[in-house]
Protein chains: 2
Amino acid sequence: MINDSAKISIPNIDNEMKQQLMESGTIKNFKAGDVILQENSYIKTLPIVLQGSLKVLREEEDGKEILLYYIKAGETCVMSFLGGISNDKSKVKAVVEEDSEILLIPIHNAQDWVSKYPSWCDFIFKLYHKRFEELLSVVNAMAFQKIDQRIVELLQKKQQLTGSKEINVTHQQLADELGTAREVVSRLLKQLEREKKIALSRNKITIL
Amino acid sequence: MINDSAKISIPNIDNEMKQQLMESGTIKNFKAGDVILQENSYIKTLPIVLQGSLKVLREEEDGKEILLYYIKAGETCVMSFLGGISNDKSKVKAVVEEDSEILLIPIHNAQDWVSKYPSWCDFIFKLYHKRFEELLSVVNAMAFQKIDQRIVELLQKKQQLTGSKEINVTHQQLADELGTAREVVSRLLKQLEREKKIALSRNKITIL
DNA sequence: TAAGCTATGTGATATTTGTCACTGTTTCGT
DNA sequence: ACGAAACAGTGACAAATATCACATAGCTTA
């Protein structure tokens with residue numbers, strides 16, 4: 001049991017809290033592409049990423065989507081938390097970005113712990129701050145940047161997330177995350193290739 | 001002093017907390033148009049709106065802006081709170097939307113109270129949720145809606161905020177809040193007038 | 001009262017992004 | 001091995017929004 005709780009590399013979470021997490025939660029493995037939270041579904045668990053990453057998106061009825069932020073190891077989905085405490089359906093969709101190991105905490109536990117464990121409360125608060133700033137960045141990019149800048153920044157974000165200059169992604173996936181058309185992405189990537197900023201191959205983009 | 005704390009119509013804030021607010025804070029009156037928080041300035045106080053309203057915007061170096069959300073009576077600016085606890089400069093600008101009476105709380109008090117007063121912690125948390133959802137709405141509108149829909153929704157928001165069908169606003173102000181061009185707003189409003197959805201006069205829009 | 005400033009409306013054009021249609025290549029499944 | 005599906009690239013065109021220039025009307029100030 002001690003071995004297991006060592007898996008939890010969350011800053012500022014004390015051992016007692018980690019114990020609680022392990023005892024209350026269930027560890028599950030997911031593959032890239034798995035949808036672990038569907039929009040408009042009720043939230044039963046709070047996912048804490050042990051390894052890997054998730055992406056959180058907003059989608060419209062007609063299928064259009066927009067990326068909000070990524071969830072890395074040591075983080076959770078505050079939108080799930082939000083949905084849980086207001087007993088509402090999820091307003092976002094969470095998709096596994098890289099193969100992941102996730103600890104699923106029953107949502108009522110996550111809520112109860114806020115008043116019971118200061119380190120948990122602090123953890124949730126800090127994640128709220130982080131996500132809030134990330135949403136501000138999304139608003140900023142959409143309001144003030146052209147689509148070509150947004151593509152470049154999205155590639156940089158993916159590079160940071162995986163730590164690799166080789167990004168496994170399709171043009172369609174990038175288009176989905178940016179809320180634009182696949183052809184727009186293909187054209188802009190081709191231009192970036194001409195400018196020797198990236199190298200393209202099928203299902204893969206290499207940042208130079 | 002008891003008369004004063006009665007001014008604070010914040011749900012779920014107990015009397016002891018209200019007492020603290022009144023003792024620690026300073027009440028000030030502001031006029032519509034006053035800027036009470038400039039982007040890139042350090043945050044010293046947390047503004048709680050007693051009467052009136054504020055609008056919070058993001059601005060770009062070249063002067064372009066975008067409206068994030070309104071702050072009504074009984075609410076505060078979580079971005080100020082965020083900036084205060086991370087000892088950072090403000091990432092937003094706050095402008096008085098309607099003549100307002102505001103209670104200014106020293107930021108260090110606001111921070112200390114989170115662990116000291118459960119009702120304050122709850123208040124801040126709930127406002128975070130609210131703002132988070134509002135930012136999601138902004139992202140949604142920008143990603144999935146055309147500018148004409150966004151103008152209509154902005155007018156509806158202003159109507160809700162003031163409780164009046166007569167909205168005192170210029171085309172330029174709407175353009176600033178939406179991050180678009182003044183001519184675009186004038187044209188769309190003119191069309192809405194032709195469709196008998198609004199009535200236009202200088203500095204005023206009446207929703208029919 | 002008149003000049004100056006602000007707000008609004010309009011025409012024309014430019015830019016950016018989106019859509020449609022299609023082709024070619026690569027990968028996957030039977 | 002072959003056909004289907006997915007992915008990528010490209011041309012042409014459409015739609016939405018932005019920009020520029022300018023005129024007119026309303027309001028403020030001297």
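Separating the CG atom of A/L189 from the P atom of D/dG9 is a distance of 8 Å, rounded to the nearest angstrom. Distance, A/L192 CG to D/dA8 P: 15 Å, rounded to whole Å. One can place CD of A/Q149 at 10 Å from P of C/dT17, the figure rounded to the nearest angstrom. The distance from atom CG of A/L178 to atom C1' of C/dG18 is 14 Å, rounded to the nearest whole Å. When the C1' atom of C/dG9 is taken as reference, atom CD of B/Q172 falls 14 Å away, rounded to whole Å. As a whole-Å value, the separation of A/L174 CG from D/dA6 P is 18 Å. Look at CG on A/N203: it is 12 Å from C1' on C/dT25, rounded to the nearest Å. Between the CD1 atom of A/I151 and the C1' atom of C/dG18 there is a distance of 13 Å, rounded to whole Å.
Judged by the 6.0 Å distance and 45° axis criteria, A/R131 is not positioned over the aromatic ring of B/F132.
Taking every side-chain heavy atom of B/H171 into account, C/dT8 is the closest of D/dT19, C/dT17, C/dT8. Nearest nucleotide to the A/R202 side chain, out of C/dT27, D/dA12, D/dA21: C/dT27. Closest contact between the side chain of A/K190 and the listed nucleotides D/dT10, D/dT17, C/dT16 involves D/dT10. Side-chain atoms of B/E183 lie closest to C/dT10 of the nucleotides C/dT10, D/dT17, D/dT10. The listed nucleotides are C/dT19, C/dA7, D/dG9; the one nearest the side chain of B/T170 is C/dA7.
Annotation: side chain of A/K165 is in contact with side chain of A/Q159 (closest heavy-atom distance under 4.5 Å).
The residue among A/K204 and A/R187 whose nearest nucleotide of DNA chain D is located toward the 5' end is A/K204.
With respect to B/N140, the side chain to side chain donor-acceptor pair (under 3.5 Å) criterion is satisfied by exactly one of A/K91, A/R58, A/E59: A/R58. Checked against B/K158 for a salt bridge (Lys or Arg N to Asp or Glu O under 4.0 Å), the options B/E98, B/E166, B/E153, B/E97 give a single hit: B/E97.
Ring geometry for B/Y128 against A/H129 counts as tilted: the plane angle lies between 30° and 60°, on a 0 to 90° scale.
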